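A, B, ... follow the sequence lines: proteins, then strands. Residue 1 opens every chain. Heavy-atom basis, side chains included; hydrogens, waters and symmetry copies ignored. Fair warning: this is a prediction, and the values are worked out from it, not measured in the lab.
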2 protein chains.
Amino acid sequence: MSAGTGAAPGRRRPTVADVAREAGVSVATAGRALGNYGRVGDDLREQVQAAAERLGYSPNAVARSMRSGGTRSIGFVGADISNPYFATAMRGICDVAREQGYEPILANSDDRLEVERAAVSVLLDKQVEGIVVAPTSVTDVAHLERAKELGVPIVLLDRHIGALEADSVVVDNEAAAYEAVAHLLGLGHRRVGLLACVDPAEGPELAARTGTGRLTVRGAARPSIDRIRGYLAAVDDHRATSSAELIQYTPLSDAAQAQRRAEALLTQPQPPTAVFATDNVTTQGLFMAARRRGLAIPADVSLVGFDDLDWTTLVDPPLTVVAQSPLDMGRAAAVRLFERIKGDDRPAERIVLPTELVVRSSTAEHSHGVREHSG
Amino acid sequence: MSAGTGAAPGRRRPTVADVAREAGVSVATAGRALGNYGRVGDDLREQVQAAAERLGYSPNAVARSMRSGGTRSIGFVGADISNPYFATAMRGICDVAREQGYEPILANSDDRLEVERAAVSVLLDKQVEGIVVAPTSVTDVAHLERAKELGVPIVLLDRHIGALEADSVVVDNEAAAYEAVAHLLGLGHRRVGLLACVDPAEGPELAARTGTGRLTVRGAARPSIDRIRGYLAAVDDHRATSSAELIQYTPLSDAAQAQRRAEALLTQPQPPTAVFATDNVTTQGLFMAARRRGLAIPADVSLVGFDDLDWTTLVDPPLTVVAQSPLDMGRAAAVRLFERIKGDDRPAERIVLPTELVVRSSTAEHSHGVREHSG
DNA sequence: ACGGCCGGTGAGAACGTTCTCTCACTCCGC
DNA sequence: GCGGAGTGAGAGAACGTTCTCACCGGCCGT
């Protein structure tokens with residue numbers, strides 16, 4: 001009826017100017033009445049609000065952001081939102097964000113550095129006020145540094161980066177893995193296998209036996225790496241068998257792939273009597289492999305998995321797992337991020353959330369005396 | 001070194017004006033060289049780009065959005081991102097969005113209408129260019145109408161709303177449920193139970209037996225409701241037992257709650273010999289209940305679940321389920337949304353993706369002659 | 001040789017909001 | 001009755017980008 005584009009279905013959104021005209025006041029007054037800042041007379045205020053109501057006015061957040069700098073948006077960059085770990089963490093972030101009146105923008109990195117870089121860059125361009133990121137690399141952090149330089153706080157989720165002055169929310173992966181493997185060793189197992197998910201490209205170089213006969217890993221502080229460290233430390237402390245044949249890596253976050261590696265692990269000449277898997281995907285692959293090879297759990301092989309997903313209690317036997325709470329981790333990361341957004345400038349902190357070894361029925365004493373380890 | 005705020009860690013981002021000054025050209029020319037629109041001489045272009053490089057310039061997307069109207073953001077509103085269904089759908093949406101150079105903003109509605117309304121409102125204020133929403137209500141759609149009026153296309157995910165002229169991406173829930181229940185009935189089961197997740201407040205009124213002795217549901221086209229319809233239709237067509245005692249509702253998306261209802265269902269005087277669960281949460285609850293009550297599957301009771309999640313193949317026995325692909329659904333919804341964003345104005349379409357009844361080992365013939373059904 | 005055209009550049013407006021500044025008016029106190 | 005303080009309202013700038021317009025030079029066509 002009034003000046004509209006006519007054909008287009010999208011009517012122009014009313015602006016403060018429209019409301020001002022409708023109410024017969026100036027733009028400044030309308031702005032004050034609507035945004036309740038400054039001072040406005042009560043009568044005019046009501047008049048303006050009525051006009052706004054009539055027109056269905058609602059403020060343009062983009063314009064507001066442009067003027068005031070704040071977008072009330074944060075970013076989350078994770079490997080893959082369809083992974084239960086990230087989905088649950090995202091949920092925690094969302095919850096906190098909503099309490100704060102913020103919206104999260106999501107980006108999947110697929111664990112590829114260049115994708116993560118691009119995502120961070122876009123988020124920065126979109127002027128997010130902070131970013132929670134589960135970083136792919138712990139060495140290449142220029143894009144994260146840039147965010148920090150721009151005054152956009154970064155909180156690391158699941159991985160700590162020593163070289164970057166940024167808060168991180170992690171669990172003590174090494175200790176958790178140590179506890180899990182120690183549990184197996186405590187049950188008498190001497191040949192404990194490891195199934196880990198690591199990109200071979202930047203994966204750990206398993207520096208084969210050093211002079212002392214120890215296996216060590218080089219590589220950065222990604223969760224899997226730390227868990228491998230924990231495994232090695234436990235095996236070493238308990239003087240159990242330490243051998244490259246007991247360790248299988250799977251490059252992708254793909255259960256089928258993990259299953260193949262697990263089968264290789266379980267069907268070798270001298271198979272392990274217990275296996276520790278470093279994440280939920282390898283845990284699933286490991287379980288499938290044992291099942292497919294007809295191995296009885298825990299009679300033939302004991303299993304300890306990582307992440308306490310629902311299904312680990314549904315299968316037979318229920319799985320012993322290392323439990324962490326991605327919901328709490330996401331929440332903690334978001335809480336920390338908002339503290340930073342609000343100006344907190346304490347030194348970067350490493351927030352370590354607890355893990356729990358949930359002992360169920362997939363682990364048992366190693367009764368059959370297999371004794372080929374050298375003392 | 002140059003004019004900075006000093007103490008604050010956040011250096012002001014360089015703007016086009018800064019680059020222009022650095023390159024010794026006008027703002028207009030710098031803008032043209034950076035945004036490659038208009039015409040710029042080759043020498044000046046390089047000069048400007050070099051200056052931009054030196055300053056680490058990167059465009060302010062908020063300002064760009066303000067000027068050009070497009071934010072290159074879309075919204076996704078779902079009940080709960082930590083639910084595998086939504087997480088996977090979100091993944092599909094993200095993938096398509098990224099191909100298009102868009103970023104998704106996420107909001108959880110927790111299946112509460114007022115939360116959904118608020119989320120849509122915020123997204124609209126943030127000038128998203130389109131919204132994918134798995135709506136809570138199929139009757140109260142004013143907020144979605146408003147989006148359409150503002151020219152922001154809406155694509156419905158998982159639920160169709162007849163009253164709203166909007167595309168939807170769904171599966172044929174009624175047919176899928178019918179097929180699942182028919183499968184059970186074809187195996188000889190006459191007492192087939194139903195475990196459905198429905199908010200009792202706006203839930204179906206199970207209009208107890210009509211004159212013909214049929215059970216019917218009233219209520220809108222939410223997935224669960226349609227699946228209930230499919231169940232009733234199958235039971236009716238096969239002249240199997242139709243009785244309110246065979247039907248249990250659980251209000252919340254909570255497996256423990258679902259388990260309690262399932263136990264009630266399975267432990268009544270004349271328990272069903274087969275049960276159909278309408279979604280992944282109730283499926284889990286149902287499985288846990290059968291397990292907890294020591295019922296052998298499928299000897300004592302046959303089970304058909306909904307959603308082909310990983311765990312359904314890991315448990316013993318592997319579950320017969322109705323499979324749908326939330327990834328494809330999310331992808332299809334996003335694809336449709338971008339068609340709309342690009343101006344497609346064909347009439348709204350209901351995109352129906354296929355489901356598949358995956359028969360595994362949780363369903364078997366009803367051998368033991370329990371024969372208390374009349375007719 | 002002169003007018004028009006075109007490529008290249010700069011000045012400035014516009015997007016919608018918020019904020020600062022100015023100004024008019026009122027009310028109070030001296 | 002007049003000055004100052006205080007209140008409410010309007011004019012306009014600013015955020016950073018994009019786009020329109022005008023201008024200026026050279027070149028080509030007639």
If you check every side-chain atom of Ala63(B), which of dG16(C), dT17(D), dT9(C) has the closest atom?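 Ranking dG16(C), dT17(D), dT9(C) by closest atom to the Ala63(B) side chain puts dT17(D) first.
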Give the nucleotide from the list dG10(D), dA9(D), dA11(C) with an atom nearest to the side chain of Ala28(B).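 The closest nucleotide is dA11(C).
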Roughly, in whole Å, what's the span from [atom1] in [X] to [atom2] in [N]?
X         : N       : atom1 : atom2 : value
Asn36(B)  : dG8(C)  : CG    : P     : 14 Å
Asp42(A)  : dG8(D)  : CG    : C1'   : 11 Å
Tyr37(B)  : dG16(D) : OH    : C1'   : 11 Å
Asp125(A) : dT18(D) : CG    : C1'   : 16 Å
Asp18(B)  : dG16(D) : CG    : C1'   : 10 Å
Asn60(B)  : dC15(D) : CG    : P     : 12 Å
Arg21(A)  : dA9(D)  : CZ    : C1'   : 18 Å
Met66(B)  : dT18(C) : CE    : C1'   : 11 Å

Check this one for me: any side-chain N or O of [X] less than 4.0 Å away from OP1 or OP2 of [N]?
X        : N       : result
Ser26(B) : dG10(C) : yes
Arg64(B) : dT18(D) : yes
Thr29(B) : dG10(C) : yes
Arg39(A) : dG8(D)  : yes
Tyr57(B) : dT17(D) : yes

Electrostatic pair Arg336(A):Asp344(A) at N-O distance under 4.0 angstrom: yes
To the nearest 0.5 Å, what is the distance between CZ (Arg32(A)) and OG (Ser26(A))?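 If we round to the nearest 0.5 Å, Arg32(A):CZ and Ser26(A):OG are 6.0 Å apart.
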Would you mind telling me which of His160(A), Arg350(A), Arg340(A) makes a side-chain hydrogen bond (donor to acceptor under 3.5 Å, both in side chains) with Asp167(A)?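 For Asp167(A), the side-chain hydrogen bond (donor to acceptor under 3.5 Å, both in side chains) check succeeds only for Arg340(A).
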So which one's nearest nucleotide on DNA chain C is more toward 5', Val16(A) or Arg32(A)?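 First, find each residue's nearest nucleotide; the 5'-ward one identifies Val16(A).
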Applying a 4.0 Å non-hydrogen cut-off, can you work out what [X] is touching in the nucleic acid: base, sugar-phosphate, or nothing?
X        : value
Ser68(B) : nothing
Arg13(B) : nothing
Val40(A) : sugar-phosphate

Classify the side-chain pair Ser65(A)/Arg72(A) by whether it contains a donor and acceptor separated by less than 3.5 Å.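 Their side chains do not contain a donor-acceptor pair, so the 3.5 Å distance test is not met.
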Minimum heavy-atom distance between Thr136(B) and Ser109(B), given as atom pair plus value: OG1-OG, 3.7 Å
Looking only at N and O atoms, is any donor in the side chain of Arg12(B) or the base of dG16(D) less than 3.5 Å from an acceptor on the other one? no
